[in-house]
2 protein chains.
Amino acid sequence: MLGARDVVPDSSTADILLAAADCFMERGYSATSVDDVARRLGATKGRIYHHFPSKSALFAGVFQFGMDRIFDAIEPYRNLPGPAVDRWKRIAFVHTNRMMKSKTLARVVWEGVEMHLRGATTPEQRVVLDGLVKYRNSYSDIFRETIVQARDEGDFNFEDPAITVQSMFMALNSPIFWYVPRPGEDDEHVHAIARQIVTFAYRGLGGKGELDL
Amino acid sequence: MLGARDVVPDSSTADILLAAADCFMERGYSATSVDDVARRLGATKGRIYHHFPSKSALFAGVFQFGMDRIFDAIEPYRNLPGPAVDRWKRIAFVHTNRMMKSKTLARVVWEGVEMHLRGATTPEQRVVLDGLVKYRNSYSDIFRETIVQARDEGDFNFEDPAITVQSMFMALNSPIFWYVPRPGEDDEHVHAIARQIVTFAYRGLGGKGELDL
DNA sequence: CAAAGAACATACTACCCAGTATGTTGTCAA
DNA sequence: TTGACAACATACTGGGTAGTATGTTCTTTG
């Protein structure tokens with residue numbers, strides 16, 4: 001698998017990654033200082049630079065960590081037998097749920113892709129980000145292949161797959177920008193939101209009838 | 001109109017705004033230095049600080065300028081008589097086209113909203129951004145009211161308007177992230193892309209039949 | 001138990017950058 | 001013509017920040 005997880009982070013490293021994810025989400029990459037992350041950890045820079053060679057490597061670590069979590073969500077369903085449209089319903093639904101449940105990490109992944117599109121700063125930083133974005137593209141390829149197959153099977157209906165998959169993904173990802181988790185909220189509430197978003201995308205793709213989730 | 005254009009920028013100020021928009025789009029707000037903007041202008045900081053009191057004020061200026069352009073696009077159609085669904089088709093189409101034709105400004109507006117959601121830095125910066133985001137919300141309200149009305153008229157079909165309008169907007173806005181203008185490309189190509197995106201959103205909203213654009 | 005290294009903290013440096021203070025040039029009105 | 005002001009450029013400062021160099025403590029291993 002392209003650039004997939006090479007190392008499982010130990011406990012201390014994982015704490016750093018999560019704290020960094022919080023900071024990157026709240027202020028964005030360049031507005032976040034390494035000291036900010038350390039402060040949130042109740043530690044100092046020394047700890048972070050002991051585990052990561054640079055700020056950009058830290059960001060890459062969060063990106064990787066986040067993509068792993070996102071991949072995990074759809075993994076059980078991505079090879080389901082049967083019509084492609086049913087497979088799409090499953091992975092679209094778990095994906096959208098994961099966007100809300102792991103909103104912080106999802107936002108960092110998003111910013112990583114944005115950074116890549118803008119053209120990251122230094123050359124070697126670029127190489128790292130390139131690999132990660134390929135990893136992320138292999139993810140969206142899963143969706144692309146699924147909807148194209150579903151179209152071939154007569155369940156979906158659209159023109160350009162490139163444009164359509166982008167529209168679909170934006171809709172599915174949208175909650176990372178506006179969803180605010182409430183304290184003590186049950187999973188059913190998140191499911192209800194996901195259901196409406198997936199319904200929107202399902203119809204947008206040309207799906208017929210109701211979808212049962 | 002809430003926080004609408006109070007001043008029309010003179011030529012020199014407009015040049016600064018456009019250069020700033022380019023920089024903010026390429027590197028993001030905090031990664032862009034005032035010197036970067038000046039360099040792109042072939043000028044120095046002095047020129048910028050002569051027209052804007054601070055970097056955040058410069059950003060606010062670009063935001064306002066961008067929102068004005070976006071409002072302009074739908075202005076001729078927002079009060080069209082007839083069924084709401086037809087009005088929606090028009091404004092959705094011109095909106096999506098504007099996203100591509102004014103991609104740079106649209107991206108800055110997007111980042112402004114993101115900054116606001118994150119909670120902008122200083123208090124007085126917050127006040128300015130609050131006003132601008134209200135301006136921008138009055139824009140999305142137009143869409144919200146339109147789709148709700150169209151639902152009442154039986155042309156659309158969805159559950160929660162808040163969730164649906166977000167999904168719809170994300171789909172319509174998506175090209176600001178992936179559309180790359182080709183040199184010497186004709187408007188018809190942009191129209192074709194916009195048509196597919198609007199079709200996706202139209203179906204997503206529960207619209208029936210084909211839409212003629 | 002000693003020594004070596006892991007896992008940090010502390011202290012420091014060089015640089016970038018927002019903002020300011022001040023100089024310079026052109027224009028326009030009286 | 002002159003003075004006043006607009007529209008910049010130049011020069012400088014203070015604070016923040018990535019990265020480094022060097023302790024310090026604790027754990028592991030022979």
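Each chain gets a letter, A, B and so on, in the order the sequences are listed, and its residues count up from 1.
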B:F177: ring-ring contact (aromatic ring centres under 6.0 Å, His included) partners, not counting sequence neighbours | A:W110, B:W110

Scan residues 49-63 of chain A against DNA chain C and write down, sorted by residue number, each residue with any heavy atom closer than 4.0 Å; if none is found, say none.
-> A:H50, A:H51

Could you pull out the protein-nucleic contacts involving nucleotides 21-28 of chain C (nitrogen or oxygen on both sides, under 3.5 Å)?
none

Using the test ring-ring contact (aromatic ring centres under 6.0 Å, His included), find all partners of B:Y139 that sit at least two apart in sequence or belong to another chain.
-> B:F71, B:H95, B:F143

Please give, in whole Å, the distance from C:dC8 P to A:R47 CZ?
-> 5 Å

Which residues pass the ring-ring contact (aromatic ring centres under 6.0 Å, His included) test with B:H191, sequence neighbours left out?
-> B:F93

How long is the line joining CZ of B:R39 and P of D:dA9, in whole Å?
-> 14 Å

What pairs of donor and acceptor atoms, side-chain ones from residues 159-166 of chain A against any protein atom, are under 3.5 angstrom apart with sequence neighbours left out?
residue : atom : partner : partner atom : Å
A:D160  : OD1  : A:A162  : N            : 2.8
A:T164  : OG1  : A:D160  : O            : 2.7

Spacing of B:K45 atom NZ relative to C:dT20 atom P, expressed in whole Å | 11 Å

List in numerical order all residues of residues 10-38 of chain B for which some heavy atom is under 4.0 Å away from an atom belonging to DNA chain D.
-> B:S12

Output all residues satisfying salt bridge (Lys or Arg N to Asp or Glu O under 4.0 Å) with B:E114, sequence neighbours left out; order by chain, then residue number.
-> A:R107

side-chain contact (heavy atoms from CB on, under 4.5 Å) against B:V62, all qualifying residues, sequence neighbours excluded = B:L17, B:A20, B:A21, B:F24, B:L105, B:V108

Taking ring-ring contact (aromatic ring centres under 6.0 Å, His included) as the test, write out the residues that go with B:F52, two or more places apart.
-> none

Salt bridge (Lys or Arg N to Asp or Glu O under 4.0 Å) partners of A:R136, counting only residues at least two apart | none

Sort and list the pairs that fulfil side chain to side chain donor-acceptor pair (under 3.5 Å) and have at least one residue in residues 52-63 of chain B, not counting sequence neighbours.
-> B:S54-B:S56

Kindly compute the distance separating CG (A:D86) from OG1 (A:T146), expressed to the nearest 0.5 Å.
-> 11.5 Å

